[in-house]
Protein chains: 2
Amino acid sequence: MSVTLDDVAGRAGVSRALVSLALNGSTRVSERSREKILAAVAELGYRPNLNARRLASRRTGTIGVLLTDLHNPIFADVLDGLDEGLGPLRDQILLASGFNQPSRERTAIESFLALQADAIILLGCQLPVTEIEELANTIPTVVVGRKTRVADSLIIDDTMGVRLVMEHLTGLGHTRIAHVDGGRGARAVARRQAYTEFMKDLGLERNVEIYHGDYTEKGGEAGFDQMWAQSKPTAVFAANDLSAIGVLGRARNQRVEIPAELSVAGFDNTSLAQSSGISLTTVGRPGIDMGHAAAELLTERLEDRSKKASHVLMEPALFVRSTTAQASTASVQG
Amino acid sequence: MSVTLDDVAGRAGVSRALVSLALNGSTRVSERSREKILAAVAELGYRPNLNARRLASRRTGTIGVLLTDLHNPIFADVLDGLDEGLGPLRDQILLASGFNQPSRERTAIESFLALQADAIILLGCQLPVTEIEELANTIPTVVVGRKTRVADSLIIDDTMGVRLVMEHLTGLGHTRIAHVDGGRGARAVARRQAYTEFMKDLGLERNVEIYHGDYTEKGGEAGFDQMWAQSKPTAVFAANDLSAIGVLGRARNQRVEIPAELSVAGFDNTSLAQSSGISLTTVGRPGIDMGHAAAELLTERLEDRSKKASHVLMEPALFVRSTTAQASTASVQG
DNA sequence: ATGAAAGCGCTAACAA
DNA sequence: TTGTTAGCGCTTTCAT
């Protein structure tokens, strides 16, 4: 049926072992044999069976990358950086999507494990920290967007990010600033808390308004609807870009002028926020940088498996674009 | 090192073969043995080695899905539908990204083949048709967004889609309608031709303006820049949503009023166009529908491998949103 | 530089 | 119902 090493060996008139050596770039193969072997490979259209190879050699040279949600462009951005940073390892990347459901994330991780991946990278992950830590005890694991004790992790400084956004908004004269949160998503608690803290620090605790979101566009839309029905703040800080875009969408639908009537800010600075017709004011780090950093974390971990977990805290920057503006004096109220 | 079937067998006091049977849900295993085995599995934390399993059983039960570009939300949409449509097979999906580069697509496909995938689904693919056909001769292949002779394929009716867009624009009084094309991307030729044809049919051949894009946001931005430097049409039809968003972004940057000064339409009807702050007028089919259809194609192919290729042509619909409007009489000119 | 042989962890006849 | 046996296609000592 399919062409095997034995077929190649027969065709080239050498042993199976020698073919294996030649194909794996061993130096101790004569030029003559190598040529014969390569010729046979080409003629027969031989393609190594990775399942067999990975079974025989104990290492698979494979790393599993789980993206929690393919619809959120931040993960595609991070993956680009990861791909660059991983360099020669990148042919061995196993991709999986969590389809934005914890159970799907779990099965994806299970299959990485079953395939004997050498390491796992979690790009956003909704699983409980305990599960992640359990995983990290089993296999080298790098988590992006989540802080855990035992796994290497990489996060944006949420407090600082929220502060940048809030200072920007208050600087524009806003006092009634609502928050559409990230629900049970990663970093949602930190961002929510930072928002509340900051409002308190400014003596605006009476104006704290939190609406439920879930880091998706739909979540942002729902958050806006609830918010607009209940109260009409002059600014809203959404827990991530995707939900900010949802807010924007509904606002436009309801003929709410952005930014004249309502300022909107996000978090992540995704490629979408940057260069599209959206032009969203947001805070964050280019995903590609995060990918590079994650690749570095993994490389270090692979070099020394027993070292203690590193936690990278990346400083975000503010990107002021077109969705925020001066609070109109008419709507400024305590 | 890692727990194997033999370990489980030893612990449960049965043979390796019986454990294998039990784990694969055979009915001819006594209740008593099954319980002992499951207990041993749990105690030892046994996890089957998929590489070994796939080597031993000749089928891998795996299907490889290649997404040409993770940044284009249409593919995430289609994948959702595919995932639903594949039902129980979905645990066996291998994902890969082409990172928007043909060479990366090729290596991804190579690795699907090396892993002995049972089938391959191409979600957008930049490879030459000949390569795709060669692939389809090797392994059951379904191509979304590309028509080939020997592979099952699924495409949107481009001519109809373009017609819907153009009728909409001309109905609004536009006569100077430019096109930002998809360059060398899939379906780009068909869309470009349909655009030209339709302009000719209306006696507007003198107004045909085609600018170079590549289905990405950046491509749309570049297309807009070139267009705006050279000519100032009243409407532009971009070859896909993502590039339409790029056009929108640059237009906003240049303080071009959308849709008052310039109407913009896309193609694909991605989730982004639908519900975000973008609210893009576009044409297409929900990606999720396409995913379902692709899953169906694959199922049929797997049932009868020798049947001749099916080619599904899906009818698109027009979605009028906020980026198109009546041509202002001032700018209407032959 | 090359080959023989053992074995990776599993499945799948075939026996019992 | 259960165990024995022979591979799956490859890598990897260890001889030569």
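Residue numbers begin at 1 in each chain, while the letters A, B, ... track the order of the sequences. Worth knowing before you read on, the calculation uses all heavy atoms, side chains too, and leaves out hydrogens, waters and symmetry mates. Quantities reported herein were computed from a predicted structural model and do not represent experimental measurements.
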* Phosphate oxygens OP1/OP2 of C/dC8: is one of them under 4.0 Å from a side-chain N or O of A/R58? -> no
* **Proximity to the side chain of A/Y46 - top-ranked nucleotide from C/dT11, D/dC10, C/dG3** => D/dC10
* Asked: When you look at B/T216 and B/D214, which way does the side-chain hydrogen bond (donor to acceptor under 3.5 Å, both in side chains) test go after all the steps?
  -> CA-CA 5 Å; B/T216 68; B/D214 60 359; 2.6 Å; yes
* Rounded distance in Å - CG (A/L18) to C1' (C/dA1) -> 7 Å
* Asked: Got a salt bridge between B/R104 and A/D83, using NZ or NE/NH1/NH2 to carboxylate O under 4.0 Å?
  -> yes
* **Closest nucleotide among D/dT2, D/dT12, C/dG9 to the B/S2 side chain** => C/dG9
* To do: Round to a whole Å and report the spacing from CD1 of B/I37 to P of D/dT2.
  => 8 Å
* Asked: Could you state the CD-C1' distance from A/E31 to C/dT2, rounded to the nearest angstrom?
  -> 16 Å
* Figure out the CG/C1' separation between B/L115 and D/dC8, and round it to whole Å. => 15 Å
* Asked: Taking OP1 and OP2 of C/dT11, is either one under 4.0 Å from a side-chain nitrogen or oxygen of B/R53?
  -> yes
* Should A/S30 be listed as having a side-chain N or O under 4.0 Å from OP1 or OP2 of C/dA1? -> no
* Structure fact -> Here the gap from A/L123 atom CG to A/S97 atom OG, rounded to the nearest 0.5 Å, amounts to 11.0 Å
* To do: Please determine if a side-chain N or O atom of A/S20 lies less than 4.0 Å away from the OP1 or OP2 oxygen of D/dT12.
  => no
* To do: By nearest nucleotide on DNA chain D, pick out whichever of A/D6 and B/R34 is the more 5' one.
  => B/R34
* Nearest-Å distance for atom pair CG/P, residues A/L21 and C/dG3 -> 10 Å
* Separation of atom CG in A/L55 from atom P in D/dG7, rounded to whole Å -> 17 Å
* Let me know the distance between NZ of A/K36 and C1' of C/dA1, rounded to the nearest Å. => 12 Å
* From the options D/dC8, D/dC10, C/dG3, select the nucleotide whose nearest atom is closest to the side chain of A/A17. => C/dG3
* Asked: Side chain of A/S26, backbone of A/A22: donor and acceptor closer than 3.5 Å?
  -> no
* With heavy atoms under 4.0 Å as the rule, sort A/R54 into base, sugar-phosphate or nothing. => nothing
* Should B/S57 be listed as having a side-chain N or O under 4.0 Å from OP1 or OP2 of D/dC8? -> no
* Side-chain donor/acceptor of B/R184 to backbone N/O of B/Q126, under 3.5 Å -> no
* Structure fact -> Whole-Å distance, B/R59 CZ to C/dT11 C1', equals 10 Å
* Asked: How would you label the contact of A/N24 with the nucleic acid (heavy atoms, under 4.0 Å): base, sugar-phosphate, or nothing?
  -> sugar-phosphate
